[in-house]
Amino acid sequence: MSERTPLILVSNRGPCTFERATDGTLRPRRGGGGLVTALTGLVHHRDALWIASAMSEEDAEVAERHGGGAFTVELDDVSYRIRLVVSDPTAYDRFYNVIANPLLWFIQHYLWDLSNAPEIRRAEVEAYEYGYRVVNEDLAAAVLDEARAFDEAVVMLHDYHLYVAPKVIRRERPDLFLHHFVHIPWTQPDAWRVLPADIREDIYEGVLANDIVAFHTRAYRRNFLLCCHELFGLEVDMEAGVVRAPDGREVWVRAYPLPISAQTFQRTAQRPAVHEYEREILRRRREHLILRVDRADLSKNILRGFTAFDLFLEQHPEFREQVTFIAHLIPSRQDVPEYREYLERIEALVAVVNHRHGTTDWMPIELRLRENLEEAIAAYKHYDLLIVNAIWDGMNLIAKEGPLVNERNGVSLLSENTGAHEELAEFALSVNPFDVQEQADAIHRALTMSAEERAWRAQGLKRIIAARDPGHWVDDQLADIEAKRAGRDPLAARPH
Ligand SMILES: O=P(O)(O)OC[C@H]1O[C@@H](O)[C@H](O)[C@@H](O)[C@@H]1O
């Protein structure tokens with residue numbers, strides 16, 4: 001693919017949201033989450049226009065000021081060319097708070113089993129029709145508008161918010177190359193049966209309108225192929241990773257595990273604000289420091305993590321007053337009732353554990369409910385144990401960021417259901433996210449591990465994490481785009 005082939009990125013959340021400063025001006029603030037990190041790697045690598053939803057009134061105001069067109073934003077030394085798309089607020093609310101989160105997010109993290117899945121009523125069907133589809137059509141319209149200037153372009157769509165947009169784009173512009181990266185797990189066929197058949201079909205038709213569908217791991221890639229075959233009887237080649245779409249086109253299905261940028265992250269870890277927070281941690285730390293950093297999301301399995309810690313303290317009372325568990329939790333999606341309740345349950349459980357084991361001058365769990373990158377990085381540097389016990393997680397970048405900058409040969413407790421586990425299993429302590437006793441035992445093992453084993457594990461993790469950067473991730477995808485455009489055989493392209 002030529003360096004000059006225009007690249008259009010599309011995602012619901014853009015690189016920043018706008019906030020009103022005290023002087024009344026609108027200032028960009030970097031968006032959180034793995035997706036923004038991943039796409040920033042892409043923007044670093046290639047000139048690209050990034051189309052995203054206006055997620056707040058302030059975003060909409062900025063979009064309006066630019067006449068709905070593209071503009072440039074400078075953020076943390078990166079220059080982004082973005083276009084914010086304003087959708088009808090009611091449609092957007094249905095799209096984000098009824099369909100994308102929770103419905104699709106829950107299905108794709110197995111957060112329901114089929115006995116406690118939600119009732120689908122007219123409200124959900126209408127939210128799909130008049131919310132999810134509408135926002136997808138709005139974003140697709142912006143892509144078509146931007147692509148009008150080009151004879152050819154590659155459109156890279158991202159995540160579960162945009163499953164329908166590709167078919168809207170393809171209908172108008174079959175010549176554009178459509179590549180869709182799904183950053184969250186793809187679950188097995190039965191999980192998708194929660195959706196009414198016509199919605200399920202609409203979603204798969206949408207995703208299969210792409211030329212390439214991409215995931216972080218081979219397991220999600222396999223699940224997607226299985227779904228195409230079992231739910232829709234489509235012809236799939238599991239080995240080559242190819243599915244024949246209903247209209248006869250070949251769709252490639254690929255896995256590209258997302259790396260972090262070691263260089264950029266290490267630079268961020270040297271900011272003066274990080275050093276300031278480190279001093280505070282060093283002043284207050286006990287013998288052992290356990291850390292977790294997560295969005296307060298049900299998929300992150302935060303309650304079971306605290307229960308495991310509770311068990312550990314009960315079974316190993318000699319560790320009381322010796323260990324502190326800092327939990328940096330970023331409140332997220334608070335307009336969705338399940339998320340609000342989850343946060344309440346987290347706070348209640350922390351109060352119980354602290355009450356049960358705490359003493360007058362020791363609080364076992366310290367809950368930090370805020371987003372503060374520098375504070376979190378300071379804690380990364382000084383943990384003895386990092387807990388990542390997600391029920392399911394597309395990749396989980398915390399599992400990579402923490403070990404990269406940690407300075408104490410800290411151990412990683414890592415759920416076997418995270419995408420990162422495919423790469424890091426050898427050097428982490430793998431756990432089953434449901435098995436709280438196993439997690440309690442792993443906490444004990446980590447805190448009593450020999451210095452040699454800790455060093456061996458920590459160095460192994462650092463080596464794997466630093467070996468690849470987002471440039472490789474982007475190059476692999478661009479190489480496959482090139483191969484497919486050139487009509488090459490999928491098996492002859494690089495192995496997946
Ligand atoms: O709802 P939000 O805050 O935009 O978060 C969405 C993102 O959440 C992140 O946790 C996921 O890794 C991304 O895949 C996803 O796009």
Side-chain angles (χ1 to χ4, degrees), residues 9-19 29-42 50-56 59 82 84-85 87 92-109 111 131-132 135-136 139 156-163 165 180-187 207 213-217 220 255-260 292-302 328-336 338-340 342-343 370-371 373 376 388 390-401 415 417-420 470 473:
L9 309 180
V10 201
S11 65
N12 173 51
R13 185 178 289 281
C16 58
T17 41
F18 286 86
E19 287 178 348
R29 185 179 129 86
R30 195 181 183 287
L35 183 134
V36 171
T37 310
L39 296 203
T40 296
L42 233 160
W50 189 337
I51 297 177
S53 295
M55 291 184 72
S56 63
D59 285 1
I82 59 180
L84 292 178
V85 177
S87 289
Y92 191 82
D93 179 59
R94 288 165 144 176
F95 156 82
Y96 189 76
N97 292 319
V98 183
I99 302 299
N101 316 297
L103 202 51
L104 294 173
W105 180 271
F106 274 47
I107 287 173
Q108 293 196 242
H109 289 84
L111 292 179
Y132 192 79
V135 173
N136 270 260
L139 286 159
M156 298 179 103
L157 301 114
H158 287 266
D159 242 343
Y160 57 101
H161 311 90
L162 304 182
Y163 290 152
H180 200 140
F181 204 109
V182 179
H183 292 262
I184 64 174
W186 199 275
T187 40
V207 178
V213 181
F215 299 96
H216 285 305
T217 72
Y220 308 148
Y256 312 93
L258 175 67
I260 57 170
R292 77 173 305 144
V293 179
D294 282 301
R295 272 188 315 103
D297 191 298
L298 291 87
S299 66
K300 305 292 181 184
N301 208 20
I302 296 160
H328 274 277
L329 302 181
I330 303 160
S332 171
R333 305 175 190 164
Q334 289 295 295
D335 289 333
V336 179
E338 284 89 338
Y339 281 78
R340 274 200 310 273
Y342 192 59
L343 198 50
R370 52 187 177 260
E371 179 164 23
L373 180 68
V388 177
I391 294 180
W392 290 96
D393 209 332
M395 171 48 73
N396 196 301
L397 294 179
I398 309 293
K400 296 187 172 181
E401 292 170 356
S415 159
N417 293 348
T418 58
W473 183 73

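Note that ligands are numbered from 1 as they come in the structure, with each ligand's atoms numbered from 1 the same way.
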Please examine the side chains of [Y] and [X], heavy atoms only from C-beta on, and report whether any two atoms are closer than 4.5 Å.
X      : Y      : answer
Val36  : Arg30  : yes
Val207 : Tyr160 : no
Pro331 : Leu343 : yes
Leu103 : Tyr132 : no

Enumerated ligand 1 atoms positioned under 4.0 Å from heavy atoms of [X]:
X      : value
Ile184 : 14 (O)
Arg13  : 2 (P), 3 (O), 4 (O)
His161 : 16 (O)
Tyr96  : 1 (O), 2 (P), 3 (O), 4 (O)
His183 : 14 (O)
Asp159 : 13 (C), 14 (O), 15 (C), 16 (O)

Within less than 4.0 angstrom of ligand 1, does His158 place any heavy atom? no
Could you tell me whether some N/O pair between [X] and ligand 1 is separated by less than 3.5 angstrom?
X      : value
Arg295 : yes
Trp105 : no
Ser332 : no

Once the angle between the rings of His161 and Phe95 is folded into 0 to 90°, is it parallel (under 30°), tilted (30 to 60°) or perpendicular (over 60°)? tilted
Option with minimal heavy-atom separation from atom 6 (C) of ligand 1, where the choices are Met395, Lys300, Arg333: Arg333
In this structure, which one of Leu104, Ile107, Asp159, Asp393 forms a side chain to side chain contact (heavy atoms under 4.5 Å, CB included) with Ile184? Asp159
Is it the case that the ring center of Tyr339 lies less than 6.0 angstrom away from the ring center of Trp105? no
For the residue pair Ser415 / Asn417, report whether a side-chain donor-acceptor contact shorter than 3.5 Å exists. no
